[in-house]
Amino acid sequence: MTTITLSKSDAAGVKTDAVVIGVVKLGGSVALPAGTESLNAAYGGKLVEVLSGLGATGKAGEVTKVPGPKPGKSATLIAVGLGAAPDGELKTEDLRTAAGTGVRAVKISQSVAFALPTPDAECVRAVAEGALMGRYAFTAYKSSDSSEAPGNLTLLTDLARNKEAKAALERAEVTADAVAQVRDWVNTPPSDLHPVEFAADAVKLGKEYGVKVEVLDEKALAKGGYGGILGVGQGSTNPPRLVRLSYTPRKPVTHLAFVGKGITFDSGGLSLKTSTGMVSMKSDMAGAAAVIGATLAIARLGLPVQVTAYAAMAENMPSGSAARPSDVLTMYGGKTVEVLNTDAEGRLVLGDALVRASEDQPDLIVDVATLTGACVVALGTKVAGAFANTDSARDRVVDAAIAAGESMWPLPIPAEMLEKLKSHSKVADLANITGEAWGGALAAAAFLGDFVAEGIDWVHLDVAGPAFNDGGASGYTPNGGTGYAVRTLVELAASAS
């Protein structure tokens, strides 16, 4: 496991394999931010000239490697472009990304020191998060190099003994650990992570971190009337689960409920996906993973916020027992849904969980789901869609996302979408699709909103794009599972306290 510490050591003399610094783009040249003075002196005051000579421009994400000032005796210098800072100040996300980029530029076994600007505790947290998340590697199924011990990380800062900085480092460590766990779950092959194993992992971690975990198996789900979860899972030999996590501190300032979609593999059911469309569908449980990971992190940090989380887990498979297009499911709470497309299954498991979460009467419900390809078409692969039943609730979550460094964009829920869902079924209360080729993400959000009790603030996050990275690694984001939404949910709880 990677460890990270704070140190007031001089960047030019610290004992490490590599030192990461930032380089700012300044017109047609580059400039060094504060904290690099001793390093510049070690290069005879000509570090800018050296970097420029090697082609450094300061462009965000650019990496320039420079041999140490004493070859063979001093650390390799990793200069990471920070881009331009029009207002003269770097954003925390710039630092987070730079730290992740820098740590990925060296071997995982190498030790790294970070001499990035840290004028305050928030910047300390950003650098630490970026470094820890950037060092992540999923090697569980590699036949070689899987046992290579990661090198230690050191954050060089004048705030090393500052109380707020130490607290910021702790939060970064806990949050990054939660993100890593979520990434591991998302990256695990679906043959090794069915709902039963996923739920068992939640139980194990709940015991470790003092979070109460209850699991409803298929018999309990049938007894309770959870028709959505059972309907989606009935085609698989691996039975579904509903996992409830609860963290209740003394004198909580508010009560948050998290709901996550946990489809451990989505074949589309009888409305079968294409073969290429199934390749990344092990990630269809990323929402459930995120709410579990965030809840555990909030408990570990001891934040004064009550959290109740529901992870609705099922495997959506085709078989003789699978739900058929035109089947009618009776959801938890009694509402009926005609299933016209079995590949619109996430909303069915979430519907059950949202009704159950509403019974706890939280102040705010946030659901996280890799719900629609339509949201990816609208916003791309790096931005989540944020829907809500009130503007204030949506803004609160989007603000938390911005503070956490996760991209999110508000989207509407037109009133006519729910009417289309209701009118599209002639036999049930509503259909699970509108039958139209457009507005898919909006229709899905409208469907979910119909299962939230009146008077409860609710936000739906469609994370189908950013939850899984099919492209190349960049910054602190690896290939595969990204752990998206964990930081937003932790920030949401922290800002409430």
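- Within the 4.5 Å cutoff, the side chain of Glu129 has heavy atoms near those of the Arg487 side chain.
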- Task: Applying side-chain hydrogen bond (donor to acceptor under 3.5 Å, both in side chains), run through Asn469 and Tyr484 and close with a yes or a no.
- Result: CA-CA 10 Å; Asn469 179 25; Tyr484 186 91; over 6 Å; no
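- A distance of 11.0 Å separates CZ of Arg241 from OG1 of Thr264, quoted to the nearest 0.5 Å.
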Please report, to 0.1 Å, the donor-acceptor pairs under 3.5 Å made by any side chain of residues 220-237, with sequence neighbours excluded.
{"unit_1": "Gln234", "atom_1": "NE2", "unit_2": "Ser321", "atom_2": "O", "d": "3.1"}
{"unit_1": "Ser236", "atom_1": "OG", "unit_2": "Asn238", "atom_2": "N", "d": "2.9"}
{"unit_1": "Ser236", "atom_1": "OG", "unit_2": "Asn238", "atom_2": "O", "d": "3.4"}
{"unit_1": "Ser236", "atom_1": "OG", "unit_2": "Glu315", "atom_2": "OE1", "d": "2.6"}

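- Shown here for Asp457 and Ala393, the closest heavy-atom pair between the two residues is CB-CB, 3.9 Å.
- At least one donor-acceptor pair under 3.5 Å links the side chain of Arg324 to the backbone N or O of Gly320.
- For the pair Ile4/Leu132, a side-chain contact is recorded, criterion being any heavy-atom separation below 4.5 Å from C-beta on.
- Contact annotation: the side chain of Leu448 approaches that of Asp367 to within less than 4.5 Å [non-hydrogen atoms, C-beta and beyond].
- Cation-pi contact between Lys335 and Phe451: present, with separation from the ring centre below 6.0 Å and deviation from the ring axis of at most 45°.
- Listed for the Asp429 side chain is a donor-acceptor partner under 3.5 Å among the backbone atoms of Thr336.
- From Lys212, atom NZ reaches atom CZ of Arg244 across 7.0 Å, with rounding to the nearest 0.5 Å.
- Geometric assessment of Arg183 against the ring of Tyr136 yields a positive cation-pi assignment under the 6.0 Å and 45° thresholds.
- Residues that satisfy the side chain to side chain donor-acceptor pair (under 3.5 Å) test with Thr342, not counting sequence neighbours, are Ser271.
- When the salt bridge (charged side-chain N to carboxylate O under 4.0 Å, His left out) test is applied to Glu173, no partner is found at least two apart in sequence or on another chain.
- Looking at Asp352, its side chain never comes within 3.5 Å of a backbone N or O of Met331 through a donor-acceptor pair.
- The closest donor-acceptor contact from the side chain of Lys219 to the backbone of Leu216 lies at 3.5 Å or more, if one exists at all.
- The closest side-chain heavy-atom distance from Leu90 to Pro117 is below 4.5 Å.
- For the atom pair Arg347 CZ and Asn432 CG, the distance stands at 6.0 Å (nearest 0.5 Å).
- A heavy-atom distance below 4.5 Å is found between the side chains of Val213 and Val243.
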Review item, side-chain donor-acceptor pairs of residues 294-306, under 3.5 Å, at least two apart:
{"unit_1": "Thr295", "atom_1": "OG1", "unit_2": "Val291", "atom_2": "O", "d": "2.7"}
{"unit_1": "Arg300", "atom_1": "NH1", "unit_2": "Asp177", "atom_2": "OD2", "d": "2.6"}

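- Residues passing the salt bridge (charged side-chain N to carboxylate O under 4.0 Å, His left out) test with Arg104, sequence neighbours excluded: none.
- When all heavy atoms of Val463 and Ala384 are compared, the pair lying nearest together is CG1-CB, 4.0 Å.
- Remark: the Tyr310 side chain and the Asp360 side chain contain an N/O donor-acceptor pair separated by less than 3.5 Å.
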Donor-acceptor contacts, no H, no angles, side chain residues 196-203, under 3.5 Å, sequence neighbours left out:
{"unit_1": "Glu197", "atom_1": "OE1", "unit_2": "His194", "atom_2": "N", "d": "3.0"}
{"unit_1": "Glu197", "atom_1": "OE1", "unit_2": "His194", "atom_2": "ND1", "d": "3.2"}
{"unit_1": "Glu197", "atom_1": "OE2", "unit_2": "His194", "atom_2": "ND1", "d": "3.4"}
{"unit_1": "Asp201", "atom_1": "OD2", "unit_2": "Trp185", "atom_2": "NE1", "d": "2.9"}

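- With Thr175 contributing its side chain and Ala172 its backbone, the two residues share no donor-acceptor pair below 3.5 Å.
- Of the possible donor and acceptor atoms, none in the side chain of Asp184 sits under 3.5 Å from a partner among the backbone N and O of Asn187.
- Going from atom CZ of Arg135 over to atom OG1 of Thr3 covers 9.5 Å, rounded to the nearest 0.5 Å.
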- Task: Could you give me the CA-CA distance, side-chain angles and deciding distance for Arg394 and Asp391, then say whether salt bridge (charged side-chain N to carboxylate O under 4.0 Å, His left out) is met?
- Result: CA-CA 5 Å; Arg394 182 198 61 218; Asp391 290 347; 3.3 Å; yes
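- No side-chain donor-acceptor contact under 3.5 Å links Thr139 to the backbone of Lys142.
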Solution key, residues 490-497 side-chain donor-acceptor pairs under 3.5 Å, sequence neighbours excluded:
{"unit_1": "Glu491", "atom_1": "OE1", "unit_2": "Arg171", "atom_2": "NH2", "d": "2.5"}
{"unit_1": "Ser495", "atom_1": "OG", "unit_2": "Glu491", "atom_2": "O", "d": "3.0"}
{"unit_1": "Ser495", "atom_1": "OG", "unit_2": "Leu492", "atom_2": "O", "d": "2.9"}
{"unit_1": "Ser497", "atom_1": "OG", "unit_2": "Ala494", "atom_2": "O", "d": "2.7"}

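- With values rounded to the nearest 0.5 angstrom, Thr434 atom OG1 is found 12.0 Å from Phe447 atom CZ.
- Take Thr308 and apply the side chain to side chain donor-acceptor pair (under 3.5 Å) test, not counting sequence neighbours, and it matches His255.
- Summarising the geometry, atom CE belonging to Met281 is positioned 10.5 Å from atom OG belonging to Ser267; distances are rounded to the nearest 0.5 Å.
- Proximity of a side-chain donor or acceptor of Ser283 to a complementary backbone N or O of Ala286 within less than 3.5 Å is not detected.
- A side-chain donor-acceptor contact under 3.5 Å links Glu406 and Thr488.
- When side chains are defined from C-beta on, Leu442 counts as touching Phe387, because their heavy atoms get closer than 4.5 Å.
- Residues Leu421 and Ala443 come closest through the heavy atom pair CD1-O, 3.5 Å.
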Pairs of donor and acceptor atoms involving the side chains of residues 369-379, under 3.5 Å and at least two apart or interchain, shall be tabulated with distances.
{"unit_1": "Thr370", "atom_1": "OG1", "unit_2": "Asp284", "atom_2": "O", "d": "3.4"}
{"unit_1": "Thr370", "atom_1": "OG1", "unit_2": "Asp284", "atom_2": "OD1", "d": "2.6"}
{"unit_1": "Thr372", "atom_1": "OG1", "unit_2": "Cys375", "atom_2": "N", "d": "3.1"}
{"unit_1": "Thr372", "atom_1": "OG1", "unit_2": "Asp462", "atom_2": "OD2", "d": "2.7"}

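- For the salt bridge (charged side-chain N to carboxylate O under 4.0 Å, His left out) test, no residue two or more places apart in sequence or in another chain qualifies with Asp363.
- Residues Pro325 and Leu340 form no side-chain contact, since every pair of their non-hydrogen atoms from C-beta on lies 4.5 Å or further apart.
- Here the side chains of Asn316 and Phe265 are not in contact, with every heavy-atom distance at 4.5 Å or above.
- For Asp470, the salt bridge (charged side-chain N to carboxylate O under 4.0 Å, His left out) criterion is met by no residue, not counting sequence neighbours.
- Using modelled atom types, one finds a donor on one side chain and an acceptor on the other under 3.5 Å when comparing Glu359 with Tyr332.
- Under the rule for a side chain to side chain donor-acceptor pair (under 3.5 Å), Glu416 has no partner lying at least two apart in sequence or in another chain.
- Taking all atoms of both residues into account, the shortest heavy-atom contact from Ser358 to Ile456 is O-CD1, 3.6 Å.
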- Leu6 and Thr157: side-chain contact (heavy atoms from CB on, under 4.5 Å), yes or no, with the steps? CA-CA 7 Å; Leu6 300 179; Thr157 176; 4.2 Å; yes
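- Lys273 NZ: more than 12 foreign heavy atoms inside a 6.0 Å radius.
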- When you look at Leu155 and Thr5, which way does the side-chain contact (heavy atoms from CB on, under 4.5 Å) test go after all the steps? CA-CA 6 Å; Leu155 202 164; Thr5 56; over 6 Å; no
